[in-house]
Amino acid sequence: MKSHYIARVGVIAAAYAACTLIAMLFLGSLAWGPVQFRVSEALCVLALFTPAAVPGLTLGCALANIANIVLSGTGMLGMLDVVFGSLATFAGALFTWKMRRRPLVALAGPVLANALIVPAYLPLLLQGIGFYTIPFTSISLDGAWLPMYLFGLVATGVGEAVIMYVLGYPLQRSLAKSPIIKRELASMGTTGK
């Protein structure tokens, strides 16, 4: 049983990291930039079906963020995203798992976690990679942590909500009908909605 759990964690981590890196190729900085639109976050719906999704999504996020350090050249500043971005994914996935009996509420976990945590460190990271104003404004990032945090709260929250409810919710509904997921839920003694 433990080997199955570890395998699930690994598969989920690999899927999240791969989806994030592929999205980077097609969406550029939207997976990491000042306006967050990380398509791979739709995989957070997996936490509705298995507790293995919580460490799997967290590990996948950490791996994707480590790869981004190499690809984008953020250096040690990128470690902020590795640590705190992964923390946001962990918190969101854990909330989703705990609230799994109410999927629409559960999907708010990643939205809130990312909207509250990511903008707290994003101004430092953005300045480190060459952004000096709040996106779409002429407001300097120097000494503007609160306006940048508020911008990030809205931008990240809206982006995450779109991902979770426009992509994630239909994905969850489709997965709930899958024989594999039904078997997983039956083995845990729960049923899908």
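Any value given below was found using the heavy atoms of this structure, including those in side chains, with hydrogens, waters and symmetry copies removed. This structure is a prediction, so every number in the text was calculated from the model and none was measured.
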Compare every heavy atom of [Y] with every heavy atom of [X], then report the nearest pair and how far apart it is.
X: Cys61; Y: Thr89; value: SG-OG1, 3.3 Å
X: Gly152; Y: Pro119; value: C-CG, 3.3 Å
X: Ala88; Y: Asn114; value: CB-OD1, 3.7 Å
X: Ala115; Y: Leu153; value: O-CD1, 3.2 Å
X: Glu41; Y: Glu160; value: OE1-OE2, 2.6 Å

Atom CZ of Phe90: over 12 foreign heavy atoms under 6.0 Å: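 Count not over threshold, so no.
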May I ask you to check whether over 12 heavy atoms, not counting those of Phe84, lie within 6.0 Å of atom CZ?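 For Phe84, atom CZ is not crowded (no more than 12 foreign heavy atoms under 6.0 Å).
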Contact between [X] and [Y] at the side-chain level, heavy atoms closer than 4.5 Å - yes or no?
X: Pro55; Y: Tyr5; value: yes
X: Thr96; Y: Leu46; value: no
X: Cys19; Y: Arg38; value: no
X: Cys44; Y: Leu107; value: no
X: Val39; Y: Leu167; value: yes

Quick one: does [X]'s side chain have a donor or acceptor within less than 3.5 Å of a partner on [Y]'s backbone?
X: Arg100; Y: Trp97; result: yes
X: Tyr165; Y: Ala108; result: yes
X: Asn68; Y: Ala64; result: no
X: Tyr149; Y: Leu116; result: yes
X: Asn65; Y: Asp81; result: yes
X: Ser86; Y: Ala62; result: yes

Distance in Å, Leu59 CG paired with Ile66 CD1, rounded so as to fall on 0.5 Å steps: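 That separation rounds to 8.5 Å.
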Between CG of Leu94 and CE of Met99, what distance do you get to the nearest 0.5 Å?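 Interatomic distance, Leu94 CG to Met99 CE, rounded to 0.5 Å: 11.5 Å.
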Whichever hydrophobic residues join Val11 through chains of side-chain contacts under 4.5 Å: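 Traced through the cluster, Val11 reaches no other member.
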Partners passing side-chain hydrogen bond (donor to acceptor under 3.5 Å, both in side chains) against Thr58 (at least two apart in sequence or in another chain):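 So Thr58 forms no side-chain hydrogen bond (donor to acceptor under 3.5 Å, both in side chains) with any residue.
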Here's a test for you: under side-chain contact (heavy atoms from CB on, under 4.5 Å), which of Leu175, Thr50, Leu48 qualifies with Ile181?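 When side-chain contact (heavy atoms from CB on, under 4.5 Å) is applied between Ile181 and each of Leu175, Thr50, Leu48, only Leu175 qualifies.
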